Structures are given as C-alpha cells and as structure tokens.
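Here the structure is a predicted model, which means the values were calculated and not measured. As a basis for the values below, the full set of heavy atoms in this structure was taken, side chains included, without hydrogen atoms, waters or symmetry mates. Note on naming: letters A, B, ... go to the chains in the order of the sequence lines (proteins, then strands), and numbering restarts at 1 for each one.
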2 protein chains.
Amino acid sequence: MLHSATDFPAELLNRYGSTMSGLPNVRRPATLASLAAELGVSRTTVSNAYNRPDQLSAPLRARVLEAARRLGYPGPDPVARSLRTRKAGAVGLLLTEALSYAFRDPAATGFLEGLALACEQAGQGLLLIPVSPEHADVTAVHQAGVDGFVVYSVREDDPHFLAVLERPVPTVVCDQPHGVEGVDRVGVDDRAGMLSLTRHVTGLGHRRVGVLCMRLGEGRHDGLADQQRLQNATYPVQRDRLAGLRDGLAEVGVDWADVPVIERFEHSVEAGQNGAAELLGARPDITAVICTSDILALGALRYAGDRGLAVPDDLTITGFDGVPEAERAGLTTVRQPLLEKGRVAGELLLERGDRNRPRRVMLPTELLVGTTSGESRTEQRFFSGW
Amino acid sequence: MLHSATDFPAELLNRYGSTMSGLPNVRRPATLASLAAELGVSRTTVSNAYNRPDQLSAPLRARVLEAARRLGYPGPDPVARSLRTRKAGAVGLLLTEALSYAFRDPAATGFLEGLALACEQAGQGLLLIPVSPEHADVTAVHQAGVDGFVVYSVREDDPHFLAVLERPVPTVVCDQPHGVEGVDRVGVDDRAGMLSLTRHVTGLGHRRVGVLCMRLGEGRHDGLADQQRLQNATYPVQRDRLAGLRDGLAEVGVDWADVPVIERFEHSVEAGQNGAAELLGARPDITAVICTSDILALGALRYAGDRGLAVPDDLTITGFDGVPEAERAGLTTVRQPLLEKGRVAGELLLERGDRNRPRRVMLPTELLVGTTSGESRTEQRFFSGW
DNA sequence: TTGAAAGCGCTAACAG
DNA sequence: CTGTTAGCGCTTTCAA
C-alpha cells in the first residue's frame with residue numbers, strides 16, 4: 001500500500017531545529033581536538049582519518065570514525081578548514097539584478113545552467129551573492145567565502161563589481177563590462193551580430209525603423225533615449241548592439257539621429273509591450289521594430305497582436321539572444337550560445353594550471369531568420385505612392 | 001559616438017588573474033595584523049574600523065582605511081571572520097538532480113526564485129551544492145560553508161541528504177522527504193490535490209486511465225511500474241500523488257491493479273512523449289492520461305499531436321504543478337504555489353528568533369481545469385455499444 | 001605511523 | 001576610545 005509517513009533512522013535526526021539567523025550558531029557538539037583527547041591520540045591523527053586515510057592504519061582509522069559517530073562529531077568544520085587551506089571550494093556569482101531575476105530571465109537561466117555545469121564538474125559550489133539593488137550595500141561581496149568570482153553582465157561602475165575587484169581572488173566577467181585589465185572575459189561580438197541582423201532587415205526594404213532597448217545607464221529611465229544618453233551608456237552590450245544597428249542603417253543611408261530609441265529600465269515582456277506602444281504611438285510610420293533583446297521583442301509581438309497588427313506584413317519585429325521562448329515564437333533574432341557562455345566562464349575561472357589559455361573568449365553568434373520579419377508593405381506603398 | 005573600449009581606473013585592477021583551482025590561492029597582500037603593526041595601533045582598532053565604526057574616532061578610522069588602500073588590504077578575510085563569528089552568511093541548497101537541472105525545470109526554477117527572494121531579503125548568500133549523481137560523493141556537503149541547508153525534493157535515502165543531517169546546522173526540507181524529525185518542512189498536500197483532479201477526470205466519465213509518473217526510487221528504471229515498485233517508492237511526492245489517484249479511482253470502482261503506471265527516470269518533455277507512446281502502445285483503449293507532472297503532460301500532449309489524436313476529444317491529458325508553460329498550453333492540472341514554497345522554505349530557515357512559528361507548512365493547491373480534459377467519446381461509444 | 005608545534009586571520013570580552 | 005588576551009577549529013611541516 002502507498003503511504004506517506006516515513007520512519008526515519010533515529011540516529012540521523014538533526015537535533016538542531018532552531019532558526020539560524022540572528023542567533024549565534026549552535027555550538028558544535030565536538031571538535032577534532034576533543035575527539036583526539038577522548039581517544040588519546042593527536043589531532044593530526046584525527047585529521048588524517050578524514051583527509052588522508054592512507055596515513056594511518058585501518059583499525060586506528062576505524063576507531064577514530066567510530067568515536068566520532070559516538071560523540072556526534074560531524075567531521076572537520078568546513079570554515080576552519082577553508083581558513084587553513086585557503087580555499088573555499090566555491091565560486092561567487094555576481095548579477096546586476098536582484099538575485100531572483102536570474103531565475104526569471106531565460107537568457108540568464110541559460111548562462112547559469114552552463115556555469116553550474118562547469119562548477120559541478122570541478123566539484124565547486126556556486127554561491128549566489130545577494131545584491132540589494134536598493135541600498136548600494138557591498139557587504140555581501142566582502143562576506144562571500146569564495147575562491148573567485150564570475151560577474152554576469154553588470155554596469156561598468158557597479159559598486160558591487162568594484163568591491164569584487166578589490167578582493168584578492170581571480171575574476172571572470174561575462175559580457176560586460178569590457179576592458180577590465182587582469183580580468184578574463186567571455187562574450188560575443190554584439191556589434192557584429194546586430195550588424196548582420198540589421199542588414200537582413202534593411203535588405204527587406206525597411207528604412208523607417210524604431211528601436212527598443214534595455215537599460216542604458218544608471219538610474220531609472222523609461223522612454224526616448226536622446227543622443228546624450230546613448231553616448232553615455234554604461235552598458236557596453238547595449239552600446240555595441242546599438243552601434244551595430246547604427247552602422248547597418250548607415251550602409252543604406254539612414255541617419256541614426258532620425259531613429260527613435262525607446263529605453264526600458266525593466267527587462268520584461270510587459271516592458272517590451274508598453275515600449276512598443278510608446279514607440280509606435282510616437283512614430284506610427286515605423287515598419288520595423290528592432291529590439292535589443294528577445295524578451296522585449298516578445299513584448300512587442302504581444303503589442304502587435306493586441307493591436308491587430310499583422311507580423312510581419314504590417315510590422316517586422318526582431319530580437320536578440322535566441323532564448324527558447326523566442327525560437328518557439330518564430331522570432332527573427334540573433335542567437336548567442338548562452339549555455340556555452342556560462343560554461344566557458346566557469347572554465348576560465350576553474351581551468352587548472354594552464355597559464356597559456358586565452359583570457360578573452362569571443363563566442364560566435366548566428367542570425368536566425370524567423371517568421372517575424374518580412375518585406376514591408378508600407379514601404380512598398382510608400383514607394384509606389386511617390 | 002558609441003564605442004566599446006573602456007578605460008578602467010587603474011587602481012581597481014585585479015592583479016590576480018591566475019586560475020584558482022588546484023593551485024593554492026594567491027596570498028593576501030596584507031592582513032589586519034600587518035596593517036595594525038604598520039599603523040602602530042592594535043588589531044582591535046583596525047577591526048573596529050571595519051565592523052564598528054562608532055567604536056573609534058572618525059579621523060583614526062580614516063587613517064586606517066587610507067592605510068588599507070595604500071597597502072592593498074582588501075578588508076577582513078571573510079573566511080577568518082566566519083570562523084570567528086560562527087556564521088557563514090549563506091544558505092546551502094541541496095538538489096536531487098545535477099545542479100544544472102535546477103535551471104531547466106520550471107518547477108525548480110520557480111522554487112529557486114522564491115528561495116532567492118528570501119535569501120536576498122535576509123542578506124544571505126545562496127550556495128548551490130554540487131552533487132555528482134554519478135559518484136555518491138558527499139564531500140561537497142561537508143565542504144559547504146553555510147549556516148543552514150534547504151533540501152529540495154530529494155529521495156528519502158539520498159546520501160547527500162544524510163550528510164546534510166549530520167551537519168550541526170538547521171535544515172529545511174521542501175516537498176520530500178517527509179517526516180524527518182527535527183527538520184522543518186514546507187510542501188503541499190499532493191494526495192488531496194491529485195484526488196480532486198481525479199474526481200474531475202472521473203466526473204467526465206473516464207474509467208480507463210493510464211498514468212505517467214516520475215522517478216519512483218533508486219536506480220534507472222523506465223517502463224511499467226509494478227505493484228512492488230509502487231509500494232517501495234522512496235519519493236513521497238510521487239507516492240502521494242499516486243495514492244490520491246488511486247483513492248479517486250476507487251471512488252468510482254476502478255481497481256488500481258488494473259491501472260497501468262509508466263515510470264520515467266528522466267524528467268523532461270521527451271520523456272513524457274515517449275512515455276505516452278509506451279502507455280498507449282500497450283493500452284490503446286485508454287481515454288485519459290494522468291501525469292504526475294506538467295512536464296510529462298506536456299510531452300504527452302506532444303505525442304498526441306504527433307499521432308493526430310485530438311485533445312480532449314480523443315484523449316484527456318492532465319498534469320501537476322501549474323508551471324507557466326503548462327498554463328499557456330491550457331493544460332488541466334493542479335497548481336501549487338511554487339515561488340511561495342521557495343520563499344517559505346527560506347523564511348523557515350532564516351526567520352529570526354521566533355520559536356513558536358510553525359515547523360510544518362502546508363501550502364494550498366488549486367485545481368486548474370484547462371482545455372485538455374473533456375468527456376471521453378470513446379467511453380460513450382463503449383457504453384452505447386453494450 | 002604518530003605527535004608536537006605553529007599558525008591561517010580574525011573578533012570579542014574585558015580592562016584601561 | 002584603545003589595547004591585551006584568548007581563542008574559533010583546523011592542517012601541516014617536521015621530527016620522533
């Protein structure tokens with residue numbers, strides 16, 4: 001019969017049910033030293049019983065382990081061991097957004113999966129550093145017991161990132177910031193990726209395009225990004241994608257100054273949706289909406305659906321990233337190897353010994369032509385009307 | 001102009017570009033003691049400069065911090081501090097699957113998001129423990145410098161879990177295992193949830209149902225689960241869901257022994273797809289496929305689509321969990337508050353001081369009737385034919 | 001094989 | 001406001 005109650009081995013019960021925060025931690029029932037004293041052997045011997053089984057006789061080792069069980073000694077304290085050995089056995093991960101965001105954004109999720117894979121393989125833990133976007137409180141970075149950091153796509157002047165740099169441990173950056181000396185980096189050529197996408201769009205005849213982009217700099221800004229804001233952007237990835245777009249448009253004679261760029265602070269489908277509304281509200285003549293991320297593009301798609309605009313017949317919409325959702329939706333986008341980025345970031349940090357490995361890894365992107373881009377009928381009308 | 005190269009403040013450069021694993025860590029350039037010596041003050045004073053700014057004069061503190069910058073002292077070593085204060089400032093998370101799985105399974109992702117939220121709010125890090133499903137290597141659990149553990153849905157006899165119980169820190173379990181004394185738990189009433197779903201299905205007239213379920217016990221098993229295996233199941237969640245189903249079927253006189261249960265080791269859409277194939281291949285007369293997870297149900301749905309079976313007209317398919325994908329697909333399922341479970345797990349562990357809070361939290365579930373369940377035409381045919 | 005000695009780097013009484 | 005004293009629990013030469 002199926003039943004849900006379980007009899008659990010009594011000797012394995014955790015007797016430490018108290019809450020952990022605020023209060024000092026439960027005192028360890030026994031230490032390596034007390035065990036050694038009890039047994040009348042040296043601390044070295046007990047330590048060896050755990051860390052170097054070959055350094056003592058099997059019977060003695062058994063005696064030690066038996067006494068440990070009897071006295072409730074849980075094995076060497078990991079923190080004390082870390083202090084002594086100077087390794088924590090974990091990699092710290094710094095994200096620009098609130099921690100929980102990492103599990104909502106599919107691009108971040110892909111990256112994390114790859115990073116977790118690399119950590120797993122190296123037997124390293126992955127410590128997610130809690131950053132409070134509200135308070136610029138950097139203590140979490142100082143507090144992290146890790147052997148190195150992976151920094152995922154943060155602003156150049158992010159205070160947490162600066163705090164990471166002060167820690168005497170190796171650091172690997174994914175995507176941004178760029179050009180930090182002594183710090184390895186993995187990313188893609190965002191500019192080239194966007195350039196090829198732009199050529200695809202202009203090749204379909206589009207000339208009146210509008211842009212939806214992610215956060216460009218510090219502070220909560222939503223709406224039209226003027227030239228000033230574009231130039232001062234502190235997110236290199238957005239900067240590069242926009243630069244690729246600008247170059248691609250320049251090739252067909254479209255003046256960048258005439259291209260409306262709508263910025264969104266939040267990165268969500270809703271933001272894309274209302275961003276598209278703002279964009280097309282201000283410039284109804286636009287025939288193509290270029291988004292600097294798939295999530296925003298998915299939102300634009302939703303907006304189009306709500307307004308009864310046919311995609312791509314009435315409106316071309318493109319994204320960037322190549323997340324699974326976008327692929328399912330048939331979005332025209334630039335795919336980047338998200339999982340691979342995470343894995344490479346981990347390997348860059350964890351790779352043993354090899355001093356000659358590359359310090360900058362540039363992964364390839366791929367233009368994915370879906371069903372959301374097509375020749376603009378409006379454009380044709382425009383020409384024929386002339 | 002947009003550009004991607006960045007000039008980075010020279011004094012912030014990380015000079016520790018070496019790989020971290022295998023090699024001993026880079027030696028800290030300075031310590032609290034050396035700083036104190038250099039300044040001619042006591043170590044306490046330096047410590048206070050960082051941890052208790054109100055315990056020393058502002059000018060002296062400034063002098064200390066200035067000297068720290070000059071000597072490249074990165075601030076108190078987090079590991080040494082942890083050893084001294086007996087708190088690591090992090091929560092360990094143990095998952096039954098490979099770490100990277102957590103980022104692929106939407107149910108796990110929802111849970112993680114909630115847990116991350118709670119950690120973030122408490123300023124605690126979240127350490128993902130790397131478990132090698134291959135080797136039963138428990139060292140990662142021993143090595144984790146954490147103040148407590150959250151265990152997410154593991155088998156009752158999982159060796160990693162047993163190792164967690166040996167650690168002298170508080171532990172909270174989500175979902176399973178059940179009934180571990182001294183360990184708090186958060187979960188839902190899986191049995192009741194499945195019972196109400198079953199009543200919905202039988203209410204639609206279905207009598208010949210088949211089941212697709214997740215891993216039931218140790219070892220890689222794929223295929224029909226016999227009574228023996230069902231009874232020995234070491235995953236209480238699966239056990240409970242099946243028990244609810246059995247009870248619901250019993251209410252309308254369906255004998256549980258006649259109900260085929262197909263088990264899948266992997267939890268993926270593909271597994272659901274080929275599981276459904278196996279189920280219907282063996283029992284083509286089935287009118288409803290009950291899955292114990294949405295992911296499996298999504299796979300069954302795909303199978304039905306491939307085979308040209310109309311859902312729900314030819315086949316009723318149901319899930320369990322209420323993940324976003326399932327909701328989008330209109331799946332009939334039981335929704336459980338995934339994010340909330342994560343948050344409660346975190347709060348159970350981190351809640352300060354309150355010794356009277358509940359130790360077992362049971363969250364509500366909700367039957368979600370979608371478009372994948374309906375009256376069985378086959379069943380009607382069956383009756384009319386008699 | 002085993003043990004003695006020497007810290008890893010820091011914080012927390014407590015006394016001045 | 002500052003310093004002295006005492007470890008936190010462990011690993012690791014080195015010598016016996």
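- Contact annotation: A:S47 reaches the phosphate of D:dT11 (side-chain N/O to OP1 or OP2, under 4.0 Å).
- Separating the CZ atom of B:R63 from the P atom of D:dC1 is a distance of 15 Å, rounded to the nearest angstrom.
- Considering only side-chain N and O atoms, A:R81 lies under 4.0 angstrom from the phosphate OP1 or OP2 of D:dT11.
- A:T45 meets the side-chain hydrogen bond (donor to acceptor under 3.5 Å, both in side chains) test with A:S42; sequence neighbours excluded.
- Taking atom CG of residue A:N51 and atom P of nucleotide D:dG9, one finds them 17 Å apart after rounding to whole Å.
- Listed by first and then second residue, the salt bridge (charged side-chain N to carboxylate O under 4.0 Å, His left out) pairs involving residues 41-55 of chain B amount to none (not counting sequence neighbours).
- Atom P of nucleotide D:dG9 and atom NZ of B:K87 are separated by 14 Å, given to the nearest angstrom.
- Going from atom CD of A:Q143 over to atom P of C:dC10 covers 15 Å, rounded to whole Å.
- Distances shown here put a side-chain N or O of A:R52 below 4.0 Å from the OP1 or OP2 atom of D:dT12.
- Contacts of B:S153 classified as side-chain hydrogen bond (donor to acceptor under 3.5 Å, both in side chains), with partners at least two apart in sequence or in another chain: B:Q176.
- Comparing the axis of the opening five pairs of the helix from C:dT1-D:dA16 to C:dG16-D:dC1 with that of the closing five pairs yields an angle of 30°, rounded to 10°.
- Here the nucleotide nearest the side chain of A:L83, chosen from D:dG9, C:dT11, C:dA12, is D:dG9.
- With sequence neighbours excluded, the residues satisfying side-chain hydrogen bond (donor to acceptor under 3.5 Å, both in side chains) with B:Y101 are B:D105, B:H267.
- Using a 4.0 Å cut-off between charged side-chain N and carboxylate O, B:D175 and B:K341 make a salt bridge.
- Side-chain atoms of B:D184 do not come within 3.5 Å of backbone N or O of B:V172 as any donor-acceptor pair.
- Under the side chain to side chain contact (heavy atoms under 4.5 Å, CB included) criterion, B:Q143 pairs with no residue, sequence neighbours left out.
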Exercise answer: donor-acceptor pairs, residues 59-71 of chain A side-chain atoms, under 3.5 Å, sequence neighbours excluded:
residue : atom : partner : partner atom : Å
A:R61   : NE   : A:A49   : O            : 2.6
A:R61   : NH2  : A:A49   : O            : 3.3
A:R63   : NH2  : A:L39   : O            : 3.4

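- Scanning for side-chain hydrogen bond (donor to acceptor under 3.5 Å, both in side chains) contacts around A:R84 gives an empty result, with sequence neighbours left out.
- For the OP1/OP2 pair of D:dG9 and a distance below 4.0 Å, the side-chain nitrogens and oxygens of A:Y50 include no atom meeting the criterion.
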**Q.** Per-nucleotide protein contact string for nucleotides 1-7 of chain C, where B marks a base within reach and S marks sugar-phosphate only (heavy atoms under 4.0 Å, - for neither)
**A.** SBBB-BB
